[in-house]
Amino acid sequence: MGAFDYGSGTEIRVYPLYFLPISLLAWHAGRAGGAVAAVLCAASWLLSNSLAGMEFSSRTILVVNVAVTGASFLFVGLLIAKLRSVLAHTRALSRTDPLTLLRNSRAFFEDSAPLLALCLRTGRPLTVAYLDLDNFKTVNDARGHQAGDALLKDVAAAIRDALRPSDLCARLGGDEFAVLLPELGERDVELRCTSRKRPGAIASRAWLCTPQMKSMQADDGPTSSPQGGPASTFPGAGSLLSGDAMHRRSTMALGLLLACTVSAQAGSQQSRTSTGAPALKSGEVRLTYLGNAGWEITDGNKIILVDPFLTQFARWMPSAAESGPAPDAPYPADTALINAHVKRADYIVITHGHPDHALDAGYISRRTGAVIIGHETAANLARAYGVTDSSLITVIGGEDYEFGDFSLKVIPNIHSALDDKHYYNNTRGIVGNAPRGLRAPLRRQDYVEGGNLAYLLRIGGHEILIMGSMNFIEREMEGLRPDIALVGSNSQRLEIREFTGRLMRALGNPAIVIPTHADAYGNPNPSAAALADRKRFQEEVATASPGSRFITPKWFEPIVVPARMSSSPMSATQGTARQVVNPPGISPLVAAYSVAIRNGNRVFVSGMTGIKPGTQEIVAGGISAQTRQTLDNIKTSVEAAGVTMANVDECTVFLMDMADYAAMNAVYIQFFPVNPPVRAALAVSALPRPAARVEIKCSATIPGR
């Protein structure tokens, strides 16, 4: 504009043309932009006219002309900026629900139209959900419209908190809300609504499905998809809306329907359930070994990968280094091998962050849409591959998750007790955690352990113990009753005293034991030492749990486990009839009684004294030593019957002298540190074994299968 003004000379006045750039900048950049444009245009006007020869009779006239011109420029800029602000505010008011500050129906349909068109063009999923508050009128009638309005604001706040910034939510009117979720298909939304612990899930805040809340029936009948896509009632739709304030105490059902899940791929549901393997019967599960600690587990509906590490097989190629890449060298996923063996995955469970457990998970998740479940390290390693937070669930030991078709208990564990890799951290801020901000391909040294977890997977009526390392914390395993145990059999287990026997007893002698870590990390020709150690592990299992079936897995060969009957070796052979249990080394003093009886789900142990196993002699050392040996003998007896000390319900203690009560108690509590059984303690004048100072009897309950 300054050049044009200069070319027009001093006689032609073109300064109104400066209003055009001022208006444009003020419209797009607001008041500050208009002010800057006004100053620049005033300077340009003065410079161009001065160069063109414009003269003034005095400096005062020059100053006045510049001031008037600049003020007019500034006024126009501020006026245009204010006009833009008023129009934007007016448009926002026309698109916003005044009560909840969500979009109104007009804005929702305007904003969703381009997303729907993009979804149909690209084939990406997009889900629309409809939320309706049943019996809302009764809240207004009983509590007044002010309480009803407050309740609607709470629902709106909960929706906003639950969704991602890219999601759309609106109040369509009255008690009706709508949510649009780009890039989320039906399975993804099901996860966000049914995972009990999922932070930020739709099932949060005002409608958390918890045992304290009553369940109510959701609206009936699915809404048809306008595009002809699949429609179904949303899983777990019925739940209670309640809270602390007066308006929250008015309870009602939240009806949540899956209105439509649009996909450009015809028959997408059929393709998800087709894996190329024979269909499973009801109650069957199929386990396919992927080498090292890796598994594919399915009940024919959901496919769950455990520590997938297909990349391991590349190290055994003729030109590869057997030890793998150097610590500071990139360690990319072998995408070709992964693509050949992983056609579909719904969830990926990660036990710890070393590359042989976590390296392939990020790529598989991006390719299949699988949700990764693991600790913070596993999540950060997956983020390095571009996995979004909507596909990540971070967990810590002790949590229990419900996913509808399956559930998952997270168990604190330990990687290796005797080397420098072990951590026992059960928090979300784990020492040794891989940081956020990593970008693939990562170096080998970027894959740090970050703590270690085991899992109990409940799927298809089976309970499957998943151990990603060789060692375990015994107190965390006691009371678990898996029928399938995937147990690390690497020679590191020998670092732990009586590893196999203690684990089998703690787990109640699983029906099936399958070793992992026994293939030398994918070596197609395991060494003689590796084969011998695998055989030794099988012998250990046979000795510790004779009724357990031992299966040696082979890479990529499915193992189909039939519908679960009973996983106890005893009950598998003898049913639930009354059974006599006389553990080796602990025999009745006379033939008039048995050491223990198992009858149905109950175990009864006869009065036990401190005899040395294999003898009839009472241990020396007084009341403390006798109490310890007595309880050791009881522990052996209940474990032989298929339970643990944690399952003991009641005990009766007989003391020759009540003065021994405190010393007995000090030892007794070590065997029942948490939730001890009920107990009676009596002083007696004599015991059948003259040297005995204490006798204890107890009974236990076998946990429900």
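Keep in mind the model is a prediction, meaning the values are calculated, not measured.
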Minimum-distance pair of heavy atoms, taken over all atoms of Tyr668 and Thr627: N-CG2, 4.3 Å

Validation row: Val595, Pro588 side chains within 4.5 angstrom (heavy atoms): yes

Note, Leu507 side chain near Leu465 side chain (heavy atom, < 4.5 Å): yes

For Gly607 against Glu695, the heavy-atom pair lying closest together: CA-OE2, 3.4 Å

Minimum heavy-atom distance between Cys698 and Ile634, given as atom pair plus value: SG-CG2, 3.4 Å

Side chain to side chain contact (heavy atoms under 4.5 Å, CB included) evaluation trace for Ile597 with Val580: CA-CA 5 Å; Ile597 292 291; Val580 174; 3.8 Å; yes

Over all atoms of both residues, closest heavy-atom pair of Gly600 and Arg598: O-NE, 4.0 Å

Side-chain donor or acceptor of His354 paired with backbone N/O of Tyr447 under 3.5 Å: no

Reported CE-to-CE distance for the pair Met477 and Met467, which is rounded to 0.5 angstrom: 4.5 Å

OG-CZ distance between Ser594 and Phe604, expressed to the nearest 0.5 angstrom: 13.0 Å

Step-by-step side chain to side chain contact (heavy atoms under 4.5 Å, CB included) determination, Tyr661 to Met664: CA-CA 5 Å; Tyr661 179 83; Met664 177 277 299; 4.0 Å; yes

Arg502 side chain to Arg497 backbone, donor-acceptor under 3.5 Å: yes

Minimum side-chain heavy-atom gap Ile297-Val349 below 4.5 Å: no

Sidechain-backbone polar pair: Thr652 side chain, Ala680 backbone, donor-acceptor under 3.5 Å: no

Which atom pairs, donor and acceptor, lie under 3.5 Å between side-chain atoms of residues 682-692 and protein residues at least two apart or in another chain?
residue	atom	partner	partner atom	Å
Arg689	NE	Thr609	OG1	3.2
Arg689	NH1	Gln616	OE1	2.8
Arg689	NH2	Gln616	OE1	2.9

Distance-minimising heavy-atom pair for His352 and Gly468: CE1-O, 3.5 Å

Gln629 side chain near Pro613 side chain, heavy-atom distance below 4.5 Å: yes

With sequence neighbours excluded, residues passing side chain to side chain donor-acceptor pair (under 3.5 Å) with Asn665: Arg679

Tabulate below the donor-acceptor pairs under 3.5 Å that side-chain atoms of residues 636-647 make, not counting sequence neighbours, or state none.
residue	atom	partner	partner atom	Å
Thr636	OG1	Asp632	O	3.1
Ser637	OG	Asn633	O	2.9
Glu639	OE1	Arg505	NE	3.1
Glu639	OE2	Lys635	NZ	2.9
Thr644	OG1	Ala646	N	3.2
Thr644	OG1	Asn647	OD1	3.2
Asn647	OD1	Thr644	N	2.9

Straight-line distance of Leu631 CG to Gln626 CD, nearest 0.5 Å: 12.0 Å

Inter-residue atom distance Ile414.CD1 - Ile473.CD1, 0.5 Å rounding: 5.5 Å

Non-hydrogen side-chain atoms of Leu486 and Val306 separated by less than 4.5 Å: no

Under 3.5 Å: donor-acceptor pair, side chain of Ser545, backbone of Val541: no

Candidates Asp346, Asp299, Ile459 - the one meeting side-chain contact (heavy atoms from CB on, under 4.5 Å) with Ile304: Ile459

Any donor-acceptor N/O pair, Thr630 side chain to Gly610 backbone, under 3.5 Å: yes

Between Thr298 and Arg286, a side-chain donor and acceptor under 3.5 Å: no

Qualifying residue for side-chain contact (heavy atoms from CB on, under 4.5 Å) with Ile373, from Leu408, Ile350, Thr394: Leu408

Ion pair check, Glu650 and Lys697, cut-off under 4.0 Å: yes

N/O donor-acceptor pair under 3.5 Å between Asp649 side chain and Thr701 backbone: yes

Beyond-backbone contact of Thr516 with Asp307, side-chain heavy atoms, under 4.5 angstrom: no

Asp533 vs Leu494, side chain to side chain contact (heavy atoms under 4.5 Å, CB included): CA-CA, chis, key distance, verdict: CA-CA 10 Å; Asp533 190 65; Leu494 302 176; 4.1 Å; yes

Pairwise side-chain contact, Glu463 with Lys409, heavy-atom cut-off 4.5 Å (strictly under): no

Test side chain to side chain contact (heavy atoms under 4.5 Å, CB included) applied to Thr288 and Trp295, step by step: CA-CA 6 Å; Thr288 305; Trp295 293 89; 5.9 Å; no

His462 side-chain N/O to Leu457 backbone N/O, donor-acceptor pair under 3.5 Å: no

Minimum-distance pair of heavy atoms, taken over all atoms of Val648 and Pro677: O-CB, 3.4 Å

Asn292 side chain to Gly294 backbone, donor-acceptor under 3.5 Å: no

Rounded distance [0.5 Å steps], CG in Leu381 versus NE2 in His375: 8.5 Å

Arg602 side chain vs Ala700 backbone, donor-acceptor pair below 3.5 Å: yes

Side-chain donor-acceptor contact under 3.5 Å, Asn452 with Ser469: yes

Rounded distance (nearest 0.5 Å) linking atom OG1 of Thr552 with atom CD1 of Ile559: 9.0 Å

Residue pair Tyr289 / Leu287, side-chain heavy-atom distance below 4.5 Å: no

Plane angle bin for Phe403 and Tyr347 - parallel if under 30°, tilted between 30 and 60°, otherwise perpendicular: tilted

